[in-house]
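Quick notes on the structure that follows.
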Amino acid sequence: MSAANTILPALSVAIAQARKRIVAYFLAQHAISPEDAVPFVPAAGVEHGQFQRMLDKGVVHEATPGSYWLDRAAYRADDDARRRVLEPLVIVLSVVAAGLILLGYRG
């Protein structure tokens, strides 16, 4: 198994987990409007990158310096957009992988 075969899935999982942790934090704090903003400092690495991406996309907003809130409608729209891109990609890659397996089969 090549390094790309192990690194890419692990990175995908890390990104998904970071997004879930960020969203779960804001939902648990009920920080879903500017009035409900809470302090948040993302962990370094993947979580920091995902938090910055969510800020840039308007999924998370800064109400006051260091206090943020989650825009649930923007989160749903961003999640739907990600799915529209990723689902067809996964289907195509699965078909290609199945084709390669069949080509390699010597029954």
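As a basis for the values below, the full set of heavy atoms in this structure was taken, side chains included, without hydrogen atoms, waters or symmetry mates.
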Worksheet item: Considering residues at least two apart in sequence or located in another chain, which fulfil the side-chain contact (heavy atoms from CB on, under 4.5 Å) criterion with Ala24?
Response: none

Worksheet item: Which pairs pass salt bridge (Lys or Arg N to Asp or Glu O under 4.0 Å) with one or both residues in residues 53-62, sequence neighbours excluded?
Response: Arg53-Asp78

Discussion item. For residues Ile15 and Tyr75: do they belong to one hydrophobic cluster (side chain heavy atoms under 4.5 Å, members Ile, Leu, Val, Met, Phe, Trp, Tyr)?
Written reply: no

Discussion item. Please determine whether side chain to side chain contact (heavy atoms under 4.5 Å, CB included) holds for the pair Val23 and Met54, giving the CA-CA distance in whole Å, both sets of side-chain angles, and the decisive distance to 0.1 Å.
Written reply: CA-CA 10 Å; Val23 170; Met54 293 170 87; 3.7 Å; yes

Item to complete: Sequence neighbours left out, what pairs pass side-chain hydrogen bond (donor to acceptor under 3.5 Å, both in side chains) with at least one residue falling in residues 83-103?
Response: Asp79-Arg83

Item to complete: Looking only at non-hydrogen atoms, find the nearest pair between Val46 and Ala14 and report the distance.
Response: CG1-O, 3.6 Å

Response to the item:
Shortest non-hydrogen pair, Ala63 vs Ala37, comes out as CB-CB, 3.5 Å

Item to complete: Using the rule that two of Ile, Leu, Val, Met, Phe, Trp, Tyr join whenever any of their side-chain heavy atoms come within less than 4.5 Å, decide whether Leu93 and Val85 are in one cluster.
Response: no

Discussion item. Run the ring-ring contact (aromatic ring centres under 6.0 Å, His included) test against Phe40 and tell me which residues pass, sequence neighbours left out.
Written reply: Tyr25, Phe26, Phe51

Worksheet item: Which heavy-atom pair separates Gly58 from Ala74 by the least distance, and what is that distance?
Response: O-CB, 3.4 Å

Response to the item:
Sorted by chain and number, sequence neighbours left out, side-chain contact (heavy atoms from CB on, under 4.5 Å) with Val41 holds for none

Worksheet entry | Any residue meeting side-chain contact (heavy atoms from CB on, under 4.5 Å) with Lys20, in chain and number order, not counting sequence neighbours | none

Fill in: Where at least one partner belongs to residues 30-50, residue pairs that pass salt bridge (Lys or Arg N to Asp or Glu O under 4.0 Å), sequence neighbours excluded
Arg21-Glu47

Worksheet entry | ILVMFWY cluster, Trp69 and Val60 together (side-chain gap under 4.5 Å) | no

Worksheet item: By side-chain contact (heavy atoms from CB on, under 4.5 Å), which residues pair with Arg72, not counting sequence neighbours?
Response: Leu27, Ile32, Leu70, Arg76

